[in-house]
Amino acid sequence: MARPFRIRNIAVCAILIIFLYRFLPSADVVAPFHGHSHGGGPQPLAQYMNDASKIPHIVASKSSFAWNTVKFMYPPELTPKLPPPAPKRPRIQHIFKPESASVAAIQDKRRLEIRRVFGKSWASYKKQAWMKDALKPLSGQFVDQFSGWAATLVDSLDTLWIMGMRKEFYEAVEAVASIDFGKSTSSRVNTFETCIRYLGGLLAAYDLSGHEALKVKAIEVGDLLYSGFNTENRMPVDFIEFEDAKKGGGLYVEDTVVSASPGTITLEFTRLSQITGDSKYYAAVSKVMDTFYDHQNETKLPGMWPMYVSMRRQDVVTGYQFTIGGNADSLYEYLPKAHALLGSTSPSSAKYEAMARNFMDTAMKNLFFRPMIPGNEDILISGNCDVLESGEGELTPSLDPESEHLSCFIGGLYALGGRLFENDSYLKTGVKLARGCMYAYKSFPAGIMPERYNMVLCPSAENCKWDEERWVSERQKRKEWKEHLPKGFTTAKDPRYILRPEAIESVFVLWRITGQEEFREAAWDMFQAVANATDTSFANAAVLDVTIVDSKQEDYMESFWLAETLKYFYLVFTDPDLISLDEFVLNTEAHPFRLSKS
Ligand SMILES: *[C@@H]1O[C@H](CO)[C@@H](O)[C@H](O)[C@H]1NC(C)=O
Ligand SMILES: *[C@@H]1O[C@H](CO)[C@@H](O)[C@H](O)[C@H]1NC(C)=O
Ligand SMILES: *[C@@H]1O[C@H](CO)[C@@H](O)[C@H](O)[C@H]1NC(C)=O
């Protein structure tokens, strides 16, 4: 009689232990986020977030300077007010069906392998470079290139959370709570990098964990960045003179900046206003975006803005070079995403949708091209467009079939735009653009695409037959040509891979939006190639030449490796409800901001 009773007791205990294990904070808790519970069931993340007893008591220490006490010579206007959350959004993600146990087991193995690679880099950062901006992955040294506020630590917070590394997460929060944003290792602070890495990282970690210390630090950085708007025309400076900014006497706006720089503040400042209930951040950045909106149709390529702009003169029309790649990229990225975060219910927020649709139509017509490749695959690559004056003052756009790794985010953005604006032609274009980057990865010997390269334009999208002689002659015209380039490529102008995320970013978005297996399989191929080529004894390093196998590496690992690249790889193989695109919008550093509900 006693025995079965005991066995039952043990069974009850085991069930209890398993249950507790699933929901207790631990470095190894991953299971709850990978149960295939699609739909509206209880969310482990939210449950954890609301259980105050499980959150360590960490209080943020005040920075040595209070950025909210600056007396502005040129105080920005406090309107428009932050509009209420968007009423209803169209569905973004594919509705996934439960998978067979054997398929799920494969994906789970892949997910754990990605987490292992992250864990190795993280452990080395902790041991070799703790509280520094970046680890040097070959020498084990460190470097402070972003003002010395532990960029890698702040940038990695949400990845730690997402990967279920709770112990490491709270160790990191404790360290972040002590960062002094009143001191800087550099006399000038880079507005763009500080916004996307530090403010973005803190906001996302707060959105996921609800930890107050993160909110306190996010507000400190937000107020630091806000001091960059203390200028005569209320346009932000590109670099904040750190000590001058504290005095409040006004800063001097640079004459020329890359357009991405003033164009990549909207998401962070809007989310900060949403979280604090203080509209001032939203109002300040809204004025910047008014300048872009007012002149969008007056440029040499109406619908887009030149790569270089002057916020000093509020001139966003004069230049002639157009691209969605480096220098401009996230200006465009933030237009559909601002619409996702804000909706279009007020005049000040409706401009984001208008600008997004306008640029998407323009880029589709003028920048994307079908390359001539041996298998005639129907893919798209994003090139550059120069608009020059011909004889009679007529403007002629000319497309240069050069592209770069940075441009690879655009496929995911068109897919997202396709869902947000319920437009199938954007979505189809997004699929072809993502396939373009997947094709480039597959083509190179290392299994990774180069930083910058050229291809051959097809005479037209319909007429795209492979012509080997034409490829050879186009390749020889380029002085950078290399004999061993894959067919279809005419240069690998910059043959490095520096751990960038944009290609896997688009593959992740396309997987979540279409549910098509090709994207998940491509992600795994890409991961293996990247992990193999970049592996070092400490972590992962940039690769010097992807046109050969076994290339040399460079002693360089930017924080986006942990913040973005590995996060996107990981999220392809998790439950699709983890960081669902219906609940979050990701900033340009892959930091997820929660979409407020009305
Ligand atoms: C710019 O042009 C687009 C497309 O023709 C149009 O929809 C939009 O209203 C115009 N924007 C402004 C500010 O005039
Ligand atoms: C979708 O976008 C394309 C390209 O801009 C446009 O021609 C088409 O009218 C749009 N369709 C819808 C339903 O909005
Ligand atoms: C990378 O390494 C793994 C394990 O050693 C191996 O299975 C895989 O085939 C390699 N991938 C590539 C692209 O070399």
side-chain contact (heavy atoms from CB on, under 4.5 Å) between E168 and M163, worked out: CA-CA 10 Å; E168 288 84 349; M163 294 192 178; over 6 Å; no
Within a strict 4.5 Å, meaning less than it, do heavy atoms of the [X] and [Y] side chains meet?
| X | Y | answer |
| --- | --- | --- |
| I498 | E451 | yes |
| N190 | F146 | no |
| E99 | Q107 | yes |
| E268 | Y334 | yes |
| R500 | T565 | no |
| Y439 | I373 | yes |
| V288 | P236 | yes |
| H94 | P576 | no |

Closest approach of [X] and [Y], non-hydrogen atoms and distance?
| X | Y | answer |
| --- | --- | --- |
| F322 | P306 | CE2-N, 3.4 Å |
| A446 | A529 | O-CB, 3.5 Å |
| A541 | Q553 | CB-CB, 4.0 Å |
| S139 | F538 | C-CE1, 3.8 Å |
| L571 | R512 | O-NH2, 3.1 Å |
| V509 | G412 | CG1-O, 3.5 Å |

When you measure from the side chain of [X] to the backbone N and O of [Y], does any donor-acceptor pair fall under 3.5 Å?
| X | Y | result |
| --- | --- | --- |
| E404 | G326 | yes |
| S403 | G383 | no |
| T490 | R475 | no |
| R370 | N376 | yes |
| D582 | I92 | yes |
| K567 | L562 | no |
| Q128 | P137 | no |
| S147 | V189 | no |
| K337 | L586 | yes |
| T299 | M304 | yes |

Working for salt bridge (charged side-chain N to carboxylate O under 4.0 Å, His left out), residues R435 and E377: CA-CA 9 Å; R435 285 186 185 144; E377 288 92 337; over 6 Å; no
Salt bridge or not for [X] and [Y], using N-O below 4.0 Å?
| X | Y | result |
| --- | --- | --- |
| K442 | D525 | no |
| D535 | K120 | yes |
| R357 | D361 | no |
| E113 | K109 | no |
| E517 | R520 | yes |
| R452 | E402 | yes |

Using distance alone, with no hydrogens and no angle criterion, decide if [X] and [Y] have a side-chain donor and acceptor under 3.5 Å apart.
| X | Y | answer |
| --- | --- | --- |
| T318 | D315 | yes |
| T588 | E333 | yes |
| R115 | Y570 | no |

If you count every heavy atom of other residues, nucleotides or ligands that lies below 6.0 Å from [X] atom [atom1], does the total exceed 12?
| X | atom1 | answer |
| --- | --- | --- |
| F421 | CZ | yes |
| D550 | CG | no |
| F239 | CZ | yes |

Measure the acute angle between the ring planes of [X] and [Y], then classify it against the limits of 30° and 60° as parallel, tilted or perpendicular.
| X | Y | value |
| --- | --- | --- |
| W466 | W471 | tilted |
| F359 | Y332 | tilted |
| F573 | W524 | perpendicular |

Derivation and outcome, side-chain hydrogen bond (donor to acceptor under 3.5 Å, both in side chains), residues S121 and N540: CA-CA 7 Å; S121 285; N540 297 80; 3.2 Å; yes
Compile the donor-acceptor pairs under 3.5 Å between side chains in residues 149-157 and protein atoms, sequence neighbours left out, one pair per line.
{"from": "W149", "atom 1": "NE1", "to": "D180", "atom 2": "O", "distance (Å)": "3.3"}
{"from": "W149", "atom 1": "NE1", "to": "K183", "atom 2": "O", "distance (Å)": "2.6"}
{"from": "T152", "atom 1": "OG1", "to": "D133", "atom 2": "O", "distance (Å)": "2.5"}
{"from": "D155", "atom 1": "OD1", "to": "H591", "atom 2": "NE2", "distance (Å)": "2.6"}
{"from": "D155", "atom 1": "OD2", "to": "S559", "atom 2": "OG", "distance (Å)": "2.7"}
{"from": "S156", "atom 1": "OG", "to": "T152", "atom 2": "O", "distance (Å)": "2.6"}

Looking only at the aromatic ring of each residue, does the gap between the centers of [Y] and [X] stay below 6.0 angstrom?
| X | Y | value |
| --- | --- | --- |
| Y453 | H405 | no |
| W511 | F96 | yes |
| F444 | F489 | yes |

Test side-chain hydrogen bond (donor to acceptor under 3.5 Å, both in side chains) applied to N423 and Y414, step by step: CA-CA 10 Å; N423 185 314; Y414 269 69; over 6 Å; no
Trace of the side-chain hydrogen bond (donor to acceptor under 3.5 Å, both in side chains) decision for D238 with S261: CA-CA 7 Å; D238 204 23; S261 213; 2.4 Å; yes
Atom pair CD/CD1 of Q93 and I513 - distance to nearest 0.5 Å: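 One gets 8.0 Å once the value is rounded to the nearest 0.5 Å.
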Non-neighbouring partners of C385 that pass disulfide bond (SG atoms under 2.5 Å apart), sequence neighbours left out: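 By the disulfide bond (SG atoms under 2.5 Å apart) rule, C385 matches no residue at all.
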Pair R470-E474, salt bridge (charged side-chain N to carboxylate O under 4.0 Å, His left out): steps then yes or no: CA-CA 6 Å; R470 191 172 153 224; E474 296 255 340; 3.8 Å; yes
side-chain contact (heavy atoms from CB on, under 4.5 Å) assessment of I162 paired with I579: CA-CA 8 Å; I162 287 165; I579 314 295; 3.8 Å; yes
S382 and S407: CA distance, side-chain angles, deciding distance, side-chain hydrogen bond (donor to acceptor under 3.5 Å, both in side chains) verdict: CA-CA 7 Å; S382 183; S407 298; 4.8 Å; no
